[in-house]
Amino acid sequence: MGISNLVDADHGLISRSIFVDPQIYEQEGRMVFARCWMYLCHESQIPRPGDFCTAYIGEDPVIVWRDTQGNIRAFLNICSHRGNRLCRADSGNAAALTCAYHGWTYGNDGKLKGVPYQQSAYRGEFDREQWPLPAVAQLESYKGLVFATFDPSAPPLREYLGEMTWYLDAFFDRRDGGVEVFPGVHKWVIPCNWKVAAENFCGDNYHGPWAHRSAMSTGFSARRPRPNDVGRFHLSPGNGHCVMGRQPDDTSDSPEVIAYEQDVRSEVRERLGPRIDLVRPAVGTVFPNFACVRGTANSIRVWHPRGPERTEIWSWIFVDKLAPPSVKETIRLAGLRSFGPAGTFEQDDIDNWQECTQTARGVVSRTQVLNMQMGLGQERFDQGLGAWTSEFCVSESNHRHFYRRWAKMMETTDWSELSIGAPR
Ligand code: FES
Ligand SMILES: [Fe+2]
């Protein structure tokens, strides 16, 4: 389907049909989810040989498994016999897993190790070598974040991330040892298109003072956005990745976290360089559906598509590995209270996101064009930040970068035409 008449990022105009049209959803699965580098897990979740966790790439179930030699591998979590889901657990440790239906057994290298009645029923003619778990095309880690793609022609992960690598460092590699992820994952399904959630985390500072007004006015958050605050900015480091930043000396976190930040400031600056004096990354998105938040509440989340009008959120809480236990506990509790499934901020967001999607079901409603024009023409490329920026505290510049990339991916099969590495 032609996308250029549905997404006019240069003028900030988006057709609502991209949120509900089943054909667009199907095209998105093929052109975006099956080709991009997709976040699977953090290495700290599978430290030992045999450790595994389950994940998704789009709607494809995946198992990430550390083999006996210690290499991280990822496969479709689907039995090659009749397509049963092989592993039903979120995580665990195993040298091999056996399918619940007929008992085919796969090793942690993905090879099919055992088939019941192989000699008698298959008369010795069955070749197990031909029926392993299908592996992803490429798998790489960046600072403990494990990504994979089903596209053998996708560029290497670092190239795909481009300038976003520095911003990921600012979330996940500020101190020795990086971060660790608390055990356990929160999962919940919301009746909205995944892009409505993704665009919010890409660059929607606009909704904060209004949608989260009640949470803020009850003193839940110390943050008090000011409409003329020019220190918060939106950054687009290229390839559809997006970041929302705060002032480097922002003091809207909890007292424990502010004190911790002061303690580690010189160490962080040493690792990240002088750019950290210009901006403090607070919310980030690796295109298309991996998002992270850092502040008093630290969240990693993935927006898994579950049909045009449904999204399954998977969310984890992370902390600097070297943070003192009291700071880790503060961040863990803040993560639950604000961005867990019952979190105050989460509920405010989801109530709005679901209505933004559901009202597009009407045949007339879906022909309506949405406005993403805030800050149009005000963006500039900032060499020091390595990103397109909009310095005013609210802007839809990141929305436009995100949808420009999405539209380009939807229509372009050749990676060489996708401007990888370019700042746009
Ligand atoms: S479906 Fe897995 S063994 Fe038959
Ligand atoms: Fe929000």
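Order of listing sets the numbers, starting from 1, for every ligand and every atom in it.
Q69 and N71 share no donor-acceptor pair across their side chains, judged by distance under 3.5 Å alone. When only modelled atom types and interatomic distance are considered, E396 and Y206 share no side-chain donor-acceptor pair under 3.5 Å.
Evaluated for a side-chain hydrogen bond (donor to acceptor under 3.5 Å, both in side chains) with Q118, the options R128, R123, E125 yield exactly one hit, R128.
Considering just the N/O/S atoms of H102, the one nearest atom 4 (Fe) of ligand 1 carries the name ND1. Atom 4 (Fe) of ligand 1 lies closest to atom ND1 when only the N/O/S atoms of H81 are considered.
The aromatic rings of W314 and W316 sit perpendicular, their planes meeting at an angle over 60°, well past the 30° parallel limit.
Protein atoms that are N, O or S and lie under 2.8 Å from the Fe ion (ligand 2) are these: H207 NE2, H212 NE2, D349 OD1, D349 OD2.
If you look at F172 and Y142, their ring centroids are not closer than 6.0 Å.
Rounded to the nearest 0.5 Å, atoms CG (N193) and SG (C356) are 11.0 Å apart.
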*Does the side chain to side chain contact (heavy atoms under 4.5 Å, CB included) test come out yes or no for R404 and V7, once each step is laid out?*
CA-CA 7 Å; R404 182 180 289 116; V7 174; over 6 Å; no
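Rounding to 10°, one obtains 110° for the angle at atom 2 (Fe) of ligand 1 between SG (C79) and SG (C99).
Of all atoms in ligand 1, listed by their number and element, those nearer than 4.0 Å to a heavy atom of W104 are 3 (S).
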